[in-house]
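Below is one structure, written out as structure tokens; the observations come after it.
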Amino acid sequence: MASINTTEVISNSKFNRFHFGLLAWCFIIILFDGYDLVVYGTVVPVLTEEWNLTSVEAGAMGSYGLFGMMFGAIFFGTLADRIGRKNVIAISLILFSLFTLLCGFANTPTIFSTFRFLAGLGLGGIMPNVIALLTDYAPKTMRSMVVSIVLCGYSFGGMLAPILGILLMPSLGWESIFWFAGVPLLFLPIMMKYLPETSTHLIRINRKEELIRVLSKVSPESNFTIHDEIVEVKKLDEKLPIVGLFKDSRAISTLMFWVAFFMCLLMVYGLNTWLPKLMIEAGYALNSSLGFLIVLQGGAIVGTLIIAKLCDRYGSKKMLVPLYALGAISLTLLGMGGSSFVIYTLVAIAGACTIGAQNLVQAYVSQYYPPNIRSTALGVASGIGRIGGMLGPILGGFLLSISLPIQLNFIAFAIPGLIAAIALSFVPVKMAYYKNNQLEQSEEIELDSNKMNIL
């Protein structure tokens, strides 16, 4: 009879068919998450004209979904640490797919905004739990890369929305690209069958047989049996998991992560909503302006993958602080104009330094906190960030309504990037890596010296 330390098994595993399957499912989920988030920015020029909306009203409509995301991220992030990440992912997927689909049947701004809020609840719950589940099962040597690859699905989804807008809206109307958001509901039963539950939750609810089956896929070269002993986990668990975010010298880090999330999501959602409109104001046609949105997401994909590899090698903080600062510079230069090549290049850099940086900082946070509060950490940080996300569309709408020079509009979105860089520079990286190394041995929770055979 052997003993099993699940943390060591997962950390020392090699990327295999199991990891690829998990990565693929999570990528698909995040792709539709990104699609549903960017789809509003694709249709806002059309809706503004069709429903006779002012820029401020259109910006407010874009914020209703983000308002729902704030509650969804905090509620579902905390809930997942209690009922399991897989269950919460399923609930969240149903919410955001169903109500984004229904947006395509809305005929008034009020109904549309209500559906966007309800979809936002699910959108808020998806991201932190998918990232946490990936981190739970990723090999130690490539965690940032695995998470970052999946988060590129957000950008692919963000590119898909304007592409379908260009192809479908002229003939089928703006409603058609919302109908496409219902596709995830079709593969939900298959996803529930193949998506694993996190090992810590399986231990907590005494589902040993399922745990052994999952670990055999994680490490196929090992021979696990139902008779093996699982090291008992004594959780350092509070009734309110959020308290753990401020323990063990994590208070400053937690607050600085919240500031970084707030500022970065203000830029991300402000640009996703208003970049086409800003470029129209600068003299570009609608299809060309949607093309800038595609380039923004493309830059995020390339930037995420390149810098994720560097994060695994040199540390996330060393990469993210200059990345945020570069984003502020690129947005400032974007407002000054230039040749088409220069503009497209700056938009791509802005994508890497805003959406790409947000992908990478989520991977950083997922490794910074112990598994028993990982979803809570990501959920609360995302929830705080959504407040910034709500302000982004509103800020853009307000700036357009007062007819400022185009340069000042871009500078307004650049300033948060500088603030995010400053905030992240205060995160104590040495403590983070020390804790992370300890986590690989004990998951920052006590392992009872006695072992328990979970029946």
Side-chain angles (χ1 to χ4, degrees), residues 17-39 65 68-69 72-73 75-77 79-81 83-101 103 118-138 143 145-161 164 177-198 201 214 268 272 297 300-301 304-305 308 355 358-360 362-363 365-366 374-375 378-379 382 386:
R17 183 178 178 181
F18 167 83
H19 298 101
F20 179 81
L22 176 61
L23 186 151
W25 276 113
C26 292
F27 184 91
I28 293 171
I29 294 170
I30 295 300
L31 183 148
F32 279 95
D33 177 63
Y35 179 89
D36 288 8
L37 284 172
V38 178
V39 69
M69 290 176 70
F75 175 74
F76 286 121
L79 182 65
D81 283 326
I83 71 170
R85 314 208 204 286
K86 179 178 177 178
N87 293 328
V88 171
I89 288 172
I91 295 170
S92 300
L93 187 145
I94 292 171
L95 281 172
F96 82 72
S97 293
L98 176 61
F99 286 104
T100 303
L101 168 68
C103 283
L118 294 173
L121 294 174
L123 289 169
I126 278 289
M127 187 73 79
N129 286 295
V130 165
I131 296 170
L133 183 62
L134 278 167
T135 305
D136 288 339
Y137 280 113
R143 284 177 179 162
M145 178 56 71
V146 168
V147 172
S148 297
I149 289 172
V150 166
L151 289 180
C152 284
Y154 170 89
S155 297
F156 276 104
M159 293 170 66
L160 185 60
L164 289 182
I177 60 173
F178 284 98
W179 299 338
F180 182 77
V183 171
L185 296 173
L186 301 177
F187 59 70
L188 180 61
I190 304 174
M191 185 196 78
M192 289 298 291
K193 180 179 180 180
Y194 289 102
L195 204 64
E197 182 53 86
T198 182
H201 183 68
V214 172
V268 168
N272 276 333
Q297 302 294 339
I301 293 170
T304 297
L305 294 178
I355 301 169
Q358 181 61 21
N359 292 342
L360 293 164
Q362 291 186 90
V365 170
S366 72
R374 184 170 287 151
S375 284
L378 283 164
S382 295
R386 301 306 173 192

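These values consider heavy atoms only, across backbone and side chains, with no hydrogens, waters or symmetry-generated copies.
Residue pairs meeting the side-chain hydrogen bond (donor to acceptor under 3.5 Å, both in side chains) criterion with at least one partner in residues 121-134, sequence neighbours excluded, are Asn129-Ser375. Screening residues 84-95 for salt bridge (Lys or Arg N to Asp or Glu O under 4.0 Å), with sequence neighbours left out, gives Asp81-Arg85, Arg85-Asp136.
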Distance-only donor-acceptor hits, side chain of residues 25-38, under 3.5 Å, sequence neighbours excluded:
{"unit_1": "Tyr35", "atom_1": "OH", "unit_2": "Ile177", "atom_2": "O", "d": "2.4"}
{"unit_1": "Asp36", "atom_1": "OD2", "unit_2": "Thr100", "atom_2": "OG1", "d": "3.2"}

Just list the side-chain donor-acceptor pairs under 3.5 Å for residues 88-98, sequence neighbours left out, or say none.
{"unit_1": "Ser92", "atom_1": "OG", "unit_2": "Val88", "atom_2": "O", "d": "2.9"}
{"unit_1": "Ser97", "atom_1": "OG", "unit_2": "Leu93", "atom_2": "O", "d": "3.1"}

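Residues passing the side-chain hydrogen bond (donor to acceptor under 3.5 Å, both in side chains) test with Ser366, sequence neighbours excluded: Thr135. Residues passing the side chain to side chain contact (heavy atoms under 4.5 Å, CB included) test with Leu23, sequence neighbours excluded: Phe15, Val146, Ile149, Val150.
Between Ser382 and Gln362, some side-chain heavy-atom pair lies under the 4.5 Å cut-off. Two residues are said to be in side-chain contact when any heavy atoms from C-beta on lie closer than 4.5 Å; Phe180 and Leu160 meet this criterion. For the pair Trp179 and Leu101, the minimum side-chain heavy-atom distance is below 4.5 Å. Residues Leu195 and Leu133 are in side-chain contact: their nearest non-hydrogen atoms beyond the backbone lie under 4.5 Å apart. Counting heavy atoms from C-beta outward, Leu121 and Leu118 have side chains that approach closer than 4.5 Å. Contact of the Arg374 side chain with the Thr198 side chain is not registered, since no non-hydrogen atoms from C-beta on lie closer than 4.5 Å.
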query: When you look at Leu22 and Tyr194, which way does the side chain to side chain contact (heavy atoms under 4.5 Å, CB included) test go after all the steps?
result: CA-CA 8 Å; Leu22 176 61; Tyr194 289 102; over 6 Å; no
task: Check the pair Leu360, Val147 against side chain to side chain contact (heavy atoms under 4.5 Å, CB included), reporting the backbone distance first and the verdict last.
output: CA-CA 8 Å; Leu360 293 164; Val147 172; over 6 Å; no
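Minimum interatomic distance between Ala181 and Pro184 (heavy atoms only, all atoms of both residues): O-CD, 3.1 Å. The two residues Asn359 and Cys152 come nearest to each other via the heavy atoms ND2-N, 4.4 Å. When all heavy atoms of Leu151 and Met127 are compared, the closest pair comes out as CD2-SD, 3.2 Å. Pairing each heavy atom of Pro189 with each of Leu185, the nearest pair is CD-O, 4.1 Å.
In the displayed structure, Phe20 atom CZ is contacted under 6.0 Å by at most 12 heavy atoms of other residues, nucleotides or ligands.
Under the 3.5 Å distance criterion, the side-chain polar atoms of His19 are left unmatched by any main-chain donor or acceptor of Ala138.
The OG atom of Ser148 sits 12.5 Å away from the CD1 atom of Ile301 when rounded to the nearest 0.5 Å. Note that CE of Met191 and CG of Leu186 are 12.5 Å apart. Values are rounded to the nearest 0.5 Å.
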